[in-house]
Engineer: 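First the structure, which I've put down as structure tokens, then a few questions once you've had a look.
Convention: sequence-line order gives letters A, B, ...; per-chain numbering from 1. Just the heavy atoms: all of them, side chains too, but no hydrogens, waters or symmetry mates, feed the values below.
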Number of protein chains: 2
Amino acid sequence: MATIKDVAKLAGVALSTASLALGEGGRVSPATRQKVLEAARELNYQKNGFAMDLKRSQTRTIALILSDLSGPYFSELIQSVQDFALSRGYDLIACSSVGGQDSTAVKFLREKRVDGAIVLAHNVSNEVLQESAREGFPIVVLDRVVLGDYLINVLVDGEQGGYEATKYLIEQGHRRIAYISGPVNSYDNIQRYSGYQRALSEHALQELKKWNVIGHFTQEGGFQATKMLILQGDLPEAIFYANDEMALGGMKALAESGIRIPEQVSVIGYDDIFQSQYVQPSLTTIRQPKYEAGSMAAHLLFQALEGQFVNKSYKFSVELVERNSCAPSLVRK
Amino acid sequence: MATIKDVAKLAGVALSTASLALGEGGRVSPATRQKVLEAARELNYQKNGFAMDLKRSQTRTIALILSDLSGPYFSELIQSVQDFALSRGYDLIACSSVGGQDSTAVKFLREKRVDGAIVLAHNVSNEVLQESAREGFPIVVLDRVVLGDYLINVLVDGEQGGYEATKYLIEQGHRRIAYISGPVNSYDNIQRYSGYQRALSEHALQELKKWNVIGHFTQEGGFQATKMLILQGDLPEAIFYANDEMALGGMKALAESGIRIPEQVSVIGYDDIFQSQYVQPSLTTIRQPKYEAGSMAAHLLFQALEGQFVNKSYKFSVELVERNSCAPSLVRK
DNA sequence: AAAACAAATCGAAACGTTTCGATATGTTTT
DNA sequence: AAAACATATCGAAACGTTTCGATTTGTTTT
């Protein structure tokens with residue numbers, strides 16, 4: 001691999017002059033620049049990024065760290081962050097934290113291979129975040145509250161979401177409302193669940209443990225959980241799935257058992273993923289301002305990067321999207 | 001930021017000893033290692049990744065370059081590449097080539113910030129790929145044929161896919177088959193379209209230009225294109241959408257106009273994206289072995305990285321997934 | 001024509017590591 | 001007890017850039 005040294009030699013100038021000529025606004029004579037550029041082309045010279053980053057100790061790159069690069073959930077978020085980063089002349093790289101503490105993502109954080117990061121990955125521990133964030137290296141955390149210097153939290157109010165979803169079902173006259181849970185210790189799940197509980201207790205309703213089944217936030221999990229609910233014999237009037245993917249699986253299970261939605265059971269989801277509007281019947285759900293949150297996260301990160309003051313915590317509220325998977329309860333005697 | 005120099009000083013050892021102690025199998029006395037580790041902890045030392053990469057001139061990271069990080073299409077691919085990379089002790093970073101020649105992605109290629117790359121991004125030019133690939137820096141290209149040293153092609157046979165889809169419709173008795181196109185100069189679109197043409201001409205069928213409408217591979221585009229088709233008054237018996245996203249949009253347009261699928265019009269898509277099985281009616285489509293292709297790409301990349309011989313080109317075939325959006329044509333007189 | 005200045009070029013240091021050959025220390029062999 | 005060896009530590013060079021202050025060259029002012 002040709003280095004700038006080779007280029008300089010071929011062009012017959014000093015190393016530093018070559019660097020100047022190759023750079024942006026260097027004050028070199030046009031003739032010299034020409035010579036250097038030609039030499040570079042001839043040698044197929046490409047600058048070594050690491051050497052540059054090392055010297056400059058700045059990368060103009062931010063990382064978006066996700067627990068999983070795939071999955072419909074992240075699309076919108078990635079998009080918004082990318083749009084914003086690009087508009088500020090920064091590069092964005094997405095890295096996955098699969099592998100937990102040994103993942104690419106954590107390596108990027110620890111070793112400061114980027115100028116800052118946005119994190120939405122529950123498998124990156126608070127400690128890592130707290131240790132990594134520092135002067136000149138801000139981190140925006142999207143999926144939980146974690147306190148520390150140079151750490152900024154952007155939250156979507158899951159408790160409110162859980163509350164709204166449940167309240168909506170209650171207002172439709174339902175009283176017996178099941179909750180299909182995500183992983184029990186997931187921050188998102190805990191939030192949504194506690195909103196569900198608040199709505200129930202505000203209306204003096206009982207929570208039935210046998211209707212609280214774990215579906216792991218996956219479609220398959222939602223399917224299985226719903227099958228279990230059906231097998232128990234005593235069907236609830238409405239089911240609140242802690243995310244849309246589980247709701248989709250659940251609807252499939254209900255359909256297979258010949259149970260009509262929303263006539264026999266009302267179903268509500270959470271997330272408003274893309275396919276929710278295409279399922280039959282279309283799924284009533286809670287929409288999270290993902291694009292907005294991503295955009296806000298990016299915004300805050302850049303502010304922090306530029307040394308401006310930023311609040312340490314922001315919270316978004318959610319919105320109920322009414323579709324066709326819920327119907328008023330028939331008046332019971 | 002503390003450097004290894006500071007650590008060494010605090011621990012009272014030489015710089016090189018500190019480096020040894022911090023590294024893996026360095027031959028240092030346990031006592032020294034202990035001292036160094038403690039000093040490092042105290043100073044909250046984190047190694048500088050760039051300096052390391054520069055010295056080592058190896059990153060143990062590969063890049064997956066996509067034209068767009070979002071979108072359901074890439075999920076499976078990302079997953080498979082990631083699984084594979086992880087199993088080989090490599091990190092994966094995904095970067096987007098939004099921004100074309102000035103994008104993060106191209107920068108990563110040019111500046112060799114990774115050890116190798118897998119590219120599925122039509123907005124990265126052949127020239128960039130050819131210039132970037134070199135000894136010790138192999139590139140696997142997924143979406144087109146591009147020749148050169150250290151360049152490896154993995155293709156999914158789009159021509160065959162277009163052919164199969166069209167042939168299936170013909171075998172169901174349809175004769176008047178519309179093609180809703182992606183961007184006209186997209187490699188994928190050209191492939192699929194030429195398969196469509198081959199199937200038609202093999203069965204001595206005419207292609208009607210007015211039924212070849214551009215839908216840009218987006219849902220909105222498919223919707224608009226279909227609206228146009230409907231407005232023309234003369235509806236085809238079957239529509240081949242060059243991807244599922246357009247088909248989804250198209251189905252919505254048909255439904256809005258009260259046209260029944262598949263009774264009045266058969267619809268076939270391409271890609272088998274996740275939501276295709278959930279739309280009503282479920283969408284018959286062409287499934288590409290995306291996971292397999294990604295896995296193969298990763299496989300080949302590592303072989304090349306290890307200096308093993310690899311073939312320069314691989315081709316996968318596609319598979320028709322029969323669902324409910326197509327029906328045999330009623331016998332016409 | 002000498003002095004003053006600006007522009008272009010150069011040399012050297014620095015960024016923070018890793019690694020190699022050399023030295024110092026301690027242990028075994030003869 | 002001297003010689004031979006293994007082990008632990010050290011110093012210095014190297015990776016490929018950028019950048020700063022110094023030097024050279026050429027141009028303008030007095």
Engineer: Roughly how many Å is it from CZ in B:Arg113 to P in D:dT17, rounded to a whole number?
Structural biologist: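 It works out to 12 Å between those atoms.
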
Engineer: Could you note down all residue pairs passing salt bridge (Lys or Arg N to Asp or Glu O under 4.0 Å) where residues 113-132 of chain A supplies at least one of them, sequence neighbours left out?
Structural biologist: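 Counting only pairs at least two positions apart or across chains, the salt bridge (Lys or Arg N to Asp or Glu O under 4.0 Å) contacts touching residues 113-132 of chain A are A:Arg110-A:Glu131, A:Glu111-A:Arg113, A:Arg113-B:Asp53.
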
Engineer: Roughly, in whole Å, what's the span from CD in A:Gln34 to C1' in C:dA8?
Structural biologist: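 Between C1' of C:dA8 and CD of A:Gln34: 17 Å.
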
Engineer: Of the candidate nucleotides D:dT18, D:dA14, C:dC10, which contains the atom at the shortest distance from the side chain of B:Lys55?
Structural biologist: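 My answer, after comparing the listed nucleotides, is D:dA14.
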
Engineer: I want to check one thing: is the phosphate of C:dT9, taken as OP1 and OP2, less than 4.0 Å away from some side-chain N or O of A:Thr32?
Structural biologist: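 It does, given that an N or O in the side chain of A:Thr32 lies less than 4.0 Å from OP1 or OP2 of C:dT9.
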
Engineer: Which of the following nucleotides, D:dC10, D:dG16, C:dT17, is nearest to the side chain of B:Ser16?
Structural biologist: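 Output: D:dC10.
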
Engineer: How long is the line joining CG of B:Leu20 and P of C:dC20, in whole Å?
Structural biologist: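 Between P of C:dC20 and CG of B:Leu20: 11 Å.
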
Engineer: Just the rounded figure in Å: distance from P of D:dT17 to CZ of B:Arg110.
Structural biologist: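 Rounded to whole Å, this separation is 15 Å.
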
Engineer: Which comes earlier along DNA chain D counting from the 5' end, the contact point of A:Thr3 or that of B:Ala14, where each point is its nearest nucleotide?
Structural biologist: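 It is B:Ala14, whose closest nucleotide lies nearer the 5' terminus.
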
Engineer: Whole angstrom is fine here: how far is it from CZ in A:Phe50 over to P in C:dT18?
Structural biologist: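 These atoms are roughly 14 Å apart.
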
Engineer: How far does CD1 of B:Ile62 sit from CZ of B:Phe108, to the nearest 0.5 angstrom?
Structural biologist: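 The distance works out to 13.0 Å.
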
Engineer: Measure from the side-chain heavy atoms of A:Ser19 and tell me the nearest of C:dT17, D:dC10, D:dT18.
Structural biologist: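 Output: D:dT18.
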
Engineer: Does B:Ser57 make a side-chain N or O approach to OP1 or OP2 of D:dC15 shorter than 4.0 Å?
Structural biologist: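 Answer no for this pair, as no side-chain N or O of B:Ser57 is under 4.0 Å from OP1 or OP2.
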
Engineer: What's the closest nucleotide to the B:Arg27 side chain, out of C:dT9, C:dT17, D:dA8?
Structural biologist: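 The answer is D:dA8.
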
Engineer: Specify the separation, in whole Å, of atom NZ of A:Lys9 and atom C1' of C:dC10.
Structural biologist: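 Distance, rounded to whole Å: 17 Å.
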
Engineer: Could you check how far CG of B:Leu15 sits from P of C:dT17, rounded to whole Å?
Structural biologist: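 Going from B:Leu15 (CG) to C:dT17 (P), I get 8 Å.
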
Engineer: Do A:Phe84 and A:Phe302 have their ring centres less than 6.0 Å from each other?
Structural biologist: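 Close enough - the centres of the two rings lie under 6.0 Å apart.
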
Engineer: Starting at the 5' end of DNA chain D and moving along, which residue's nearest nucleotide shows up first, A:Lys47 or B:Gly12?
Structural biologist: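 Looking at the nearest nucleotide for each, B:Gly12 comes out on the 5' side.
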
Engineer: What is the distance, rounded to the nearest whole Å, between atom CD1 of A:Ile4 and atom C1' of D:dT19?
Structural biologist: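 Nearest whole value for this atom pair: 12 Å.
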
Engineer: Below 4.5 Å, heavy atoms only, C-beta onward: do A:Leu120 and A:Ser67 meet side chain to side chain?
Structural biologist: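 They are not in contact (no side-chain heavy atoms under 4.5 Å apart), so the answer is no.
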
Engineer: Can you identify which nucleotide, out of D:dA8, D:dT18, C:dT18, has its nearest atom closest to the B:Ser29 side chain?
Structural biologist: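 Selected nucleotide (nearest to the side chain): D:dA8.
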
Engineer: Run the salt-bridge test on A:Lys107 and B:Asp91 with the 4.0 Å N-O cut-off and return the result as yes or no.
Structural biologist: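 Salt bridge present between A:Lys107 and B:Asp91.
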
Engineer: In terms of side-chain heavy atoms of A:Asn48, which of D:dT9, D:dG16, C:dT19 is nearest?
Structural biologist: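 Selected nucleotide (nearest to the side chain): D:dG16.
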
